[in-house]
Amino acid sequence: QDESASELREELNRVNSENKKLNEMLATVHENYCALRHQLE
Amino acid sequence: MDYDLNTNPFDLHFSGKLPKREPSDSGSEDVMRKWFVKDETCMLQEELTRVNSENKKLTETLARVSEKYSELQNLFKELQSRENVNFCNERKRKQDRDEFVSSPIGISCGGTVEKSTVSTAYFHAEKSDTSLTVKDGYQWRKYGQKITRDNPSPRAYFRCSFSPSCLVKKKVQRSAEDPSFVVATYEGTHNHPGPNASVSRTVKLDLVQGGLEPVEEKKGRGTIQDVLVQQMASSLTKDPKFTAALAAAISGRFIEQSRT
């Protein structure tokens with residue numbers, strides 16, 4: 001049981017770290033998108 | 001663009017949600033510990049599921065935003081290249097206009113468009129003469145002068161003195177091949193007789209007599225004949241071999257005359 005919880009924590013950390021990266025990427029793309037749209041307007 | 005950026009990859013209070021480890025003094029400590037671990041595992045599993053689902057949502061959103069961004073970028077590039085083409089065309093048009101005609105020949109006040117005629121004539125001129133004025137039977141007003149890379153001699157621009165009722169223009173420049181001649185390029189046809197036609201002295205090709213000699217322009221010459229000769233001369237002068245042969249023949253004639 002302990003082992004299983006430890007594995008889950010590890011997996012949770014990994015997915016959380018991935019989510020953080022995804023959020024950063026999304027923010028960058030969104031920022032670029034807005035800048036380009038502003039330029040076109 | 002509609003997507004929700006309010007996702008929360010990190011639940012900062014997640015650890016607080018986990019069951020607290022409380023000291024137990026009963027004999028069932030082992031059972032309690034097992035219960036605690038089981039409960040923690042369940043909560044971890046739930047949290048992992050939530051974070052995974054959020055991860056999936058983020059990935060999808062990112063793909064969608066990236067796609068939109070890419071589309072917008074392509075549109076931007078297309079607009080930019082179209083703008084560049086327009087800019088180049090406009091610049092070329094302006095250059096062409098400045099090159100020779102300051103107001104478009106062939107477009108009359110009434111707005112009808114006629115095809116403009118371009119002809120070239122050669123005039124003998126002393127090398128010391130830098131005025132670039134040629135006696136072609138018409139009066140002209142100079143409106144510009146410039147030097148081009150292909151020919152270091154200045155090029156002068158004139159418009160007919162009857163302008164704006166007559167839209168004929170000409171440019172005059174010393175010949176790059178033979179500096180003893182100046183080349184006049186005319187655009188358009190005069191809509192009036194030349195006031196000084198009787199004193200004009202133009203080098204023209206007399207095809208009827210088959211000779212290559214300078215002939216005096218005669219007042220009252222038939223208009224059709226004039227136009228025909230002009231057109232023939234124009235087409236022939238476009239041929240560089242003919243131009244060279246003509247220049248050589250005229251030079252030869254001058255040398256002969258100076259000997260006799």
Side-chain angles (χ1 to χ4, degrees), chain A, chain B residues 1-12 14-15 17-19 21 30-31 33-80 82-83:
Chain A
Q1 289 275 347
D2 266 343
E3 207 176 310
S4 168
S6 165
E7 275 174 15
L8 280 172
R9 262 190 228 104
E10 213 173 286
E11 177 66 3
L12 192 60
N13 279 340
R14 193 191 63 74
V15 180
N16 263 330
S17 155
E18 201 173 307
N19 272 11
K20 191 186 170 197
K21 272 184 207 161
L22 282 169
N23 259 316
E24 283 170 1
M25 280 166 76
L26 191 57
T28 308
V29 177
H30 184 246
E31 200 179 312
N32 290 347
Y33 176 87
C34 288
L36 193 59
R37 199 169 61 173
H38 180 72
Q39 210 171 341
L40 274 167
E41 281 164 2
Chain B
M1 293 296 301
D2 53 337
Y3 59 86
D4 183 16
L5 284 174
N6 297 321
T7 49
N8 180 17
F10 300 107
D11 189 346
L12 298 173
F14 177 70
S15 58
K17 289 175 189 169
L18 290 171
R21 289 171 189 264
D30 195 37
V31 177
R33 201 182 71 79
K34 278 183 183 169
W35 172 84
F36 170 78
V37 171
K38 193 180 174 190
D39 202 29
E40 189 189 11
T41 309
C42 277
M43 289 194 81
L44 278 169
Q45 191 69 56
E46 271 174 34
E47 178 63 6
L48 188 61
T49 311
R50 188 189 70 76
V51 176
N52 265 329
S53 140
E54 200 169 277
N55 187 302
K56 195 182 165 197
K57 217 190 294 177
L58 276 169
T59 309
E60 283 169 5
T61 310
L62 185 61
R64 210 167 53 237
V65 177
S66 295
E67 198 185 334
K68 294 264 181 196
Y69 178 67
S70 182
E71 278 173 20
L72 202 66
Q73 210 171 21
N74 287 340
L75 180 72
F76 183 72
K77 277 180 193 165
E78 197 185 311
L79 284 174
Q80 219 169 17
R82 216 180 290 170
E83 206 167 289

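In what follows, chains are A, B, ... by sequence order, proteins preceding strands, each numbered from 1.
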Open item on the list: Other residues, nucleotides and ligands only: do more than 12 of their heavy atoms fall within 6.0 Å of CD on B:Glu67?
Closed with: no

Open item on the list: As an exercise, state the distance from OG1 of B:Thr41 to CZ of A:Arg9, rounded to the nearest 0.5 Å.
Closed with: 8.0 Å

- [ ] Measure the CD-CG distance between A:Glu10 and B:Leu48 for me, rounded to the nearest 0.5 Å.
- [x] 11.5 Å

Task: Heavy-atom donor-acceptor pair, A:Asn16 side chain to B:Val51 backbone, under 3.5 Å - done: no

Task: Test applied, side-chain contact (heavy atoms from CB on, under 4.5 Å); reference residue, B:Asn52; option that passes from A:Leu12, A:Val15, A:Asn19 - done: A:Val15

TODO: Check each atom of B:Thr59 against the heavy atoms of chain A and say whether the ones under 4.5 Å are side chain, backbone, both or neither.
DONE: both

TODO: To the nearest 0.5 Å, tell me how far B:Gln45 CD sits from A:Glu11 CD.
DONE: 9.5 Å

Task: Residue B:Gln73 versus chain A: region with a heavy atom under 4.5 Å - done: both

Open item on the list: Around atom CD of A:Glu24, are there more than 12 heavy atoms from other residues, nucleotides or ligands closer than 6.0 Å?
Closed with: yes

Task: Atom pair CG (A:Leu22) and NZ (B:Lys57), whose distance is rounded to the nearest 0.5 Å - done: 13.0 Å

Open item on the list: Show the nearest heavy-atom pair for residues B:Leu72 and A:Arg37, with the distance to one decimal.
Closed with: CD2-N, 3.6 Å

